[in-house]
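Take a look at the structure below.
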Amino acid sequence: METLISSKILNQKTAPVGGLSGGAVVSLAVCGGVAPTLMQNASALAISQCLTSLNKTTQSIPCQGELTTLVVSLTQIAFPLNSTKFQKKCAVRIRIAMTKLNASDATTSSLSPYVRTKFVGTELYDAVAATAMIPCMSTCKPYTLFKGIPVVDGGFSATFKELCPPNVKRCITTQEYYPGKYVKAGGGECLKNGNDPVASGGE
């Protein structure tokens with residue numbers, strides 16, 4: 001994403017952006033004009049906190065059960081939560097995809113993409129935390145609630161199709177997959193949310 005911006009392929013001030021899971025955090029940084037170095041520093045701090053926790057427990061995955069708290073912490077470090085100017089930059093030009101659950105169906109057969117395109121107040125930050133919520137790993141619960149709707153990580157159902165804004169001439173998509181060297185035996189499957197699109201944007 002940094003290369004797209006520095007090469008002036010992506011206009012950080014005007015381009016619509018979209019993301020799910022970790023990509024929602026990247027998209028928020030792009031539309032908010034957050035410097036890549038600040039995002040990198042915040043991420044490094046979050047990883048350091050995870051490793052400290054991992055070394056003190058028998059967790060198979062760093063920050064297991066604490067990832068939602070970590071995502072919230074990351075957004076608070078990187079983004080000015082109380083900045084009206086920042087929210088205006090992003091509230092109407094970012095798309096965040098989550099996975100909606102059917103409350104009457106206990107199976108995963110009825111999962112469906114749930115995309116939000118307009119946000120008021122802290123809804124933007126709540127949506128970022130919700131789309132990165134991996135059941136029973138991010139927290140001890142199987143799902144979280146966004147505006148009263150049961151949702152989980154956007155990667156369970158959403159694709160680039162939902163993330164790319166409609167009526168644009170071009171949609172640039174990027175993705176990343178890296179489980180990391182700290183995943184212990186038996187925990188790898190839980191970190192494969194890296195197959196999700198990290199971010200997409202169009203102009």
Any heavy-atom pair between the side chains of [Y] and [X] that's under 4.5 Å?
X	Y	result
Leu10	Val30	yes
Thr173	Cys164	yes
Lys100	Ile149	yes
Leu101	Val151	no
Pro16	Arg95	no
Leu4	Thr174	yes
Ile96	Phe119	yes
Ser112	Ser157	no

Using the rule that Ile, Leu, Val, Met, Phe, Trp and Tyr join whenever any side-chain heavy atoms are under 4.5 Å apart, tell me whether Leu145 and Leu111 fall into a single cluster. yes
Tell me which one of Thr131, Asp153, Thr99 satisfies side chain to side chain donor-acceptor pair (under 3.5 Å) with Ser21. Asp153
Closer than 3.5 angstrom, by distance alone: can the side chain of Ser7 be matched with the main-chain N or O of Ile9 as a donor-acceptor pair? no
Taking Arg116 for its side chain and Ala127 for its backbone only, find out whether a donor-acceptor pair lies under 3.5 Å.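 No; judged by distance alone, with no hydrogens or angles, the pair does not exist.
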Minimum heavy-atom separation for [X] to [Y], with atom names?
X	Y	result
Ala130	Met98	CB-SD, 3.7 Å
Ser110	Asn102	OG-CB, 3.1 Å
Ala97	Val115	CB-CG2, 4.1 Å
Thr14	Arg93	C-NH1, 3.6 Å

Point-to-point distance, once rounded to the nearest 0.5 Å, from CG of Leu163 to CD1 of Ile94: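 Answer for the CG-CD1 pair, Leu163 versus Ile94, is 10.0 Å.
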Quick check on Tyr143: does its OH atom have over 12 non-hydrogen neighbours (other residues, nucleotides or ligands) under 6.0 Å away? no
